[in-house]
Amino acid sequence: MQAIRIEGGRRLSGELEIQGAKNSILPILSAAVLCGGETVLHRCPALSDVYAALRIMSALGCKCRLKDGDIHINAEDLCGCCISDMLMRLMRSSIVFLGALLGRTGECELSFPGGCELGPRPIDLHLSALRAMGTSITESHGRLVCKCKGRLHGERIALSFPSVGATENIMLAACRAEGETVISNAAREPEIADLAAFLNKCGAKIIGAGSPTVTVRGVNELHGCEYTVMPDRIAAATYMCAAAATGGEVLVRGASAAELEAVISVMQQAGCKTAETSDGLFLAAPERMRAVRNIRTSPYPGFPTDAQAIVMAALTRAQGTSVFVEDIFENRFRHVDELMRMGADIRTEGRVAVVRGVKSLSGAAVVAPDLRGGAALCAAACAAEGETLISNAELIDRGYDSIETALSALGAKASRL
Ligand code: EPZ
């Protein structure tokens, strides 16, 4: 069990290079399974979820090598299509391997990704789309056994909800399907466009990624390519919130305002000054921010659910009362109890959290409840008086490449135990 210790009460100021995006590198790694030959990925963050994905790919027969932030993959000799329960449990979002394996081998067996810290993680949209494209799927004893006779065929798929994972899985399965697939009400997150850009560089024919309608024309085969993964917009938001929580300032090199408009708008309403420079995003916060009345999470380009906990942490000391509505996941307020241990004043009722600003937070022993909740506790700890110990740091490592090193670069006294 690892912990992160932060001696708070110091105004953060500085700059840092943002890591590659977790939610882009993961689907891109599964997309590499579709490709013959060598793929080289640059700007790969050192995340436990990335290592888990590489373990899954190695178990499937891919050759993977991680060297100074680059990943070299050769999926030519892919020989498996089953992902063991143990490997599936390493990384919840391994469901994105489903579409790639079906596209490459026509079959796949993996565990049903059970509920996790954010609430149930259903995959009904994934399965109904893949069934429509010609896959027979049986669910038994927590395992999904998927097979398609011959090649998948293209379909018109209307998603009832713009699910990120379902959009990605359908794109992956459709790349090598017979004919054309049109996904309407597709997720519009920037990571979807990044995945499409990678796949098109490998020879796929995808248009409309990033818009509500994505069209994929199936091709017979895909080759490897060299690609640089997009910067992590949620990690960028995290360090902006940590600086803002301390009344500080930060230049996040590599981040772009276009991908964080909803978060930037909230931080500006809270009294922060922001600017996009030639090499990144700059934010300067007032000593004490103003509360923001209505922050409601929604699919991109709305306010990202992944930024909810970290913005809440930044606003715990704001002047006034902020209201958050978490409309994407059922159970994404598990950081609230831990923030209250640090002196925050937060009331939750179902999907609503009411945050009354307090003058100061105090360091405490807290437990990271999940990935973004853990990052939120780190941000709050930077602002809290005294020492905070955040245990369960492994959960934070799923999505942050050494968060304590990044915070220290901004002047925080952060270390890992
Ligand atoms: C992706 O998860 C991200 N993970 C999540 O980031 C992110 O919070 C989420 O998208 C929303 O932006 C990765 O990209 C690896 P969804 P995903 O399918 O694909 C419901 C983080 O912290 N739903 O868009 O699982 C679902 O229950 C992680 O980096 C169905 O009902 O998200 C949820 O309420 C957390 N049926 C909502 O849609 C389905 O078949 C959003 O899910 C699929 C989803």
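When a ligand or atom number is given, it counts from 1 through the structure's own listing order.
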To which protein heavy atom is [atom] closest, and what is the distance rounded to 0.1 Å?
atom                    : result
atom 5 (C) of ligand 1  : Asp306 OD2, 3.8 Å
atom 29 (O) of ligand 1 : Arg372 NH2, 2.8 Å
atom 18 (O) of ligand 1 : Ser163 OG, 2.7 Å
atom 34 (O) of ligand 1 : Ile328 O, 2.6 Å
atom 24 (O) of ligand 1 : Val164 N, 2.9 Å
atom 36 (N) of ligand 1 : Asp124 OD1, 2.8 Å
atom 30 (C) of ligand 1 : Pro122 CG, 3.5 Å
atom 25 (O) of ligand 1 : Arg121 NH2, 3.0 Å

Counting only nitrogen or oxygen atoms and a 3.5 angstrom limit, does [X] reach ligand 1?
X      : answer
Leu371 : no
Gly165 : yes
Leu26  : no
Asn23  : yes

Flag, side chain of [X] to backbone of [Y], donor-acceptor distance under 3.5 Å:
X      : Y      : value
Ser265 : Glu261 : no
Gln19  : Asp401 : yes
Ser322 : Val292 : yes

What I want to find out is whether [X] reaches [Y] closely enough, with some N-O distance under 4.0 Å, to be called a salt bridge.
X      : Y      : answer
Arg416 : Glu394 : no
Glu178 : Arg151 : yes
Glu191 : Arg233 : yes
Asp232 : Lys22  : no
Glu17  : Arg253 : yes
Arg317 : Asp345 : no
Arg341 : Asp337 : no
Glu109 : Arg143 : yes

Q) Counting each atom of ligand 1 from 1 as listed, which ones have a heavy atom of Ile123 under 4.0 Å away? A)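 The atoms of ligand 1 under 4.0 Å from a heavy atom of Ile123 are 39 (C), 40 (O).
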
Q: Under 4.0 Å from a heavy atom of Phe329: give me the atoms of ligand 1 that qualify, with their elements.
A: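 In order of number, 8 (O), 33 (C).
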
Q | Non-hydrogen protein atom less than 4.0 angstrom from atom 20 (C) of ligand 1 | A |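 It does not; no protein heavy atom is within 4.0 Å.
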
Side chain, backbone, both or neither: which part of [X] comes within less than 4.0 Å of ligand 1 when only heavy atoms are counted?
X      : answer
Phe161 : side chain
Val96  : neither
Glu330 : neither
Arg332 : side chain

Q) Can you list the steps and then say if Thr274 with Gln268 is a side-chain hydrogen bond (donor to acceptor under 3.5 Å, both in side chains)? A) CA-CA 7 Å; Thr274 62; Gln268 287 172 342; 2.8 Å; yes

Q: Using heavy-atom distances, let me know which of Leu125, Leu127, Thr305, Asn169 sits nearest atom 40 (O) of ligand 1.
A: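 Looking at heavy atoms only, Leu125 sits closest to atom 40 (O) of ligand 1.
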
